[in-house]
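Here it is, the structure, as structure tokens.
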Protein chains: 2
Amino acid sequence: MTTIKDIAELAGVSRTTVSRVLNRSGYVSETAEARVMEVIEETGYIPSEQAKAMRTKQTKVIGVVLPKISTETVSRTVDGIDTKLSEHGYHLLLANTNLDPAKEIEHLKLLQSRRVDGIIIVATNINDQLLKMIERIKEPVVAVGQDIPGIPCVLYNDYEASRDVTDHLLQKGHRHIGFIGVSEQDRAVGHERLRAFRDTMASWGCPVEENWVQQGVFDIESGYEAMKQIIETSKVRPTAVFAVTDRLAIGAMEYVRSLGWKIPEDISFIGIGSSDLSRYSSPKLSTVDYYNEQAGMKTAELLLDYLRGDKKTPEKFIMNYGLIERNSL
Amino acid sequence: MTTIKDIAELAGVSRTTVSRVLNRSGYVSETAEARVMEVIEETGYIPSEQAKAMRTKQTKVIGVVLPKISTETVSRTVDGIDTKLSEHGYHLLLANTNLDPAKEIEHLKLLQSRRVDGIIIVATNINDQLLKMIERIKEPVVAVGQDIPGIPCVLYNDYEASRDVTDHLLQKGHRHIGFIGVSEQDRAVGHERLRAFRDTMASWGCPVEENWVQQGVFDIESGYEAMKQIIETSKVRPTAVFAVTDRLAIGAMEYVRSLGWKIPEDISFIGIGSSDLSRYSSPKLSTVDYYNEQAGMKTAELLLDYLRGDKKTPEKFIMNYGLIERNSL
DNA sequence: TTAGGGTGTGGTATCGATTCCATACAGTCG
DNA sequence: CGACTGTATGGAATCGATACCACACCCTAA
């Protein structure tokens, strides 16, 4: 591998001069610059960011901690993050946790050992140990999709979105509404959305039968199973079902269709996520668009502000959302 | 930031000894090791992979060049790649090109400047300039989803898959078959799949009306438009349509549904990709599963072999595929 | 007694860049 | 004419780790 030293020798100048040409800093004569550029061209020399980072203490790499890249929400968010950060010369280093708490901590350490300039945490569950770990990190850390105390976050308005969805169903005349959620360990998706559902139902004076509320695990199959539970165990069957993710809703629709029911005549559905799936399911699923890509971009901006030292106080940015009504209700 | 020097001073030993403790290399007395470990624990010292890489010439980072992360095919592939590589202590550095040829070259340079240990190219279009660039790269380069001469590749069997799909439609009795493709610049998806389609039609003695063959650009909308073209311009309307991606097929189905046609009674559809969409569209779309995640893992393995120096000759690995018949035909 | 091998430790060069400091020359101003 | 400023260049320290080499010690076998 050719180094700056080789270039210097071939061009008959010192390493310092080559460095100056590379960084357009200080004084360099035109002849010297021309010679250096020529040699660089000939040799195909590419300076080592590594060695550069060593001195400048800037790697221009941002670590991204995420549960799984191959989900729409996450990959869209990462797309937004990358769009914004690459504009500023940053690269993304992936840290896939598969939602394993031990791996999350390990990955945070690994990112630090690589001296990333900053870390973005995407929709990862938090626990006390993780929180302590994050506090000790010197580099800027920002999060998207989950509220982490003490650090800047881009948050989805889970409570209000869920309230609006429930409200919408109630306004449409539904009084018996099923709910397919996920583990309440997941604060945003599991806890907040359920809380808003219960609150809104209560504020309309609508009791919620316990069997109407079921839990799945983020995939289509578990939506199917949860719906089966609702239908088979409920005393009064719901006329509408609110699932906290599109996949769960799609699974739920699958089940009632297997019973030969008509959607939305016999039962209505709504999800959250505005996935591609929701646009082309049958019938088209009503949902809530969380604008993940924009959220990713906003998160990147928050991090960039942080890196520039503009803001020191943790800022919570609440994203907008859009209710999309389609044929499923 | 604490360094190995600080640890050495605090523990009352030399940097060398600390290094030996860190790497379990050479001889270290138990007392020395204990003291060093203690200090490391207290200070929360995390060694710099940066500096380490500087000496060892190994960054343990693999660059991944891809067109866009938020597509099912790509994100699944990356998932597979990461699963395998993280097992061996490698991290992934993302390089998003948005299919911009200039960016591809730039990204390859940037990855080299970061001294990645290897590069994986995911489903990116190739052109002469890119090819020359790749040839000059000293680090191992492998590709998945596109045949790049001279380097190990994991390839999808586009020709055979497309032939099987066409064959299947023909065997079902269809003789007028529409085809929605993409730019032939894209060798795998655009060129090969179309070639197999034409060959197979020809081998059955079925002429193909030129208006049956339309082009889209990878999204649902363009599938819709392409289908519109087919319907509006064909002299004889096809009874089946083969779209080279699920999205195009979904868009195409959308259009005929907007005409009030029934699928598969009035017209049949099949796509490629086994996307989530295909499983939950209406009707469920027949498709071909390319096993992207496995392909990603296989690609990672190829790269690992390469890194170990096991193989020097470029190896082409052809992936299997599975035809999935659903209600759309 | 001495040569040789196993242990344990530290000094120092090195990786490839940046950056501070020193030096040198030319031109300008008071 | 001396002081100063602007231009151009190179030497050497530095970033944080690894790794080679040298040295010191203790033990054992010839």
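Chain naming here is simple, since letters A, B, ... match the order of the sequence lines and numbering starts at 1 in each.
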What I want to check is whether the side chains of A:T73 and A:T71 have a donor and an acceptor closer together than 3.5 Å.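 Side chains of A:T73 and A:T71: no pair found under 3.5 Å.
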
Is atom CE of B:M133 surrounded by more than 12 heavy atoms (other residues, nucleotides or ligands) closer than 6.0 Å?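 Check passes, neighbour count above 12.
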
A:R20 and its side chain to side chain contact (heavy atoms under 4.5 Å, CB included) partner, picked from A:N23, A:T16, A:L22: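 Answer to the side chain to side chain contact (heavy atoms under 4.5 Å, CB included) test with A:R20 among A:N23, A:T16, A:L22: A:T16.
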
The criterion is salt bridge (charged side-chain N to carboxylate O under 4.0 Å, His left out); which residues satisfy it with B:D100, sequence neighbours excluded?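 Listed in chain order: nothing, the list is empty.
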
Across nucleotides 8-19 of chain D, 5' to 3', mark each nucleotide with B, S or - according to how protein heavy atoms within less than 4.0 Å reach it. BBBBBBBBBBBB

If a pair satisfies side-chain hydrogen bond (donor to acceptor under 3.5 Å, both in side chains) and one of its residues is in residues 40-60 of chain B, list it, with sequence neighbours excluded. B:T59-B:D117

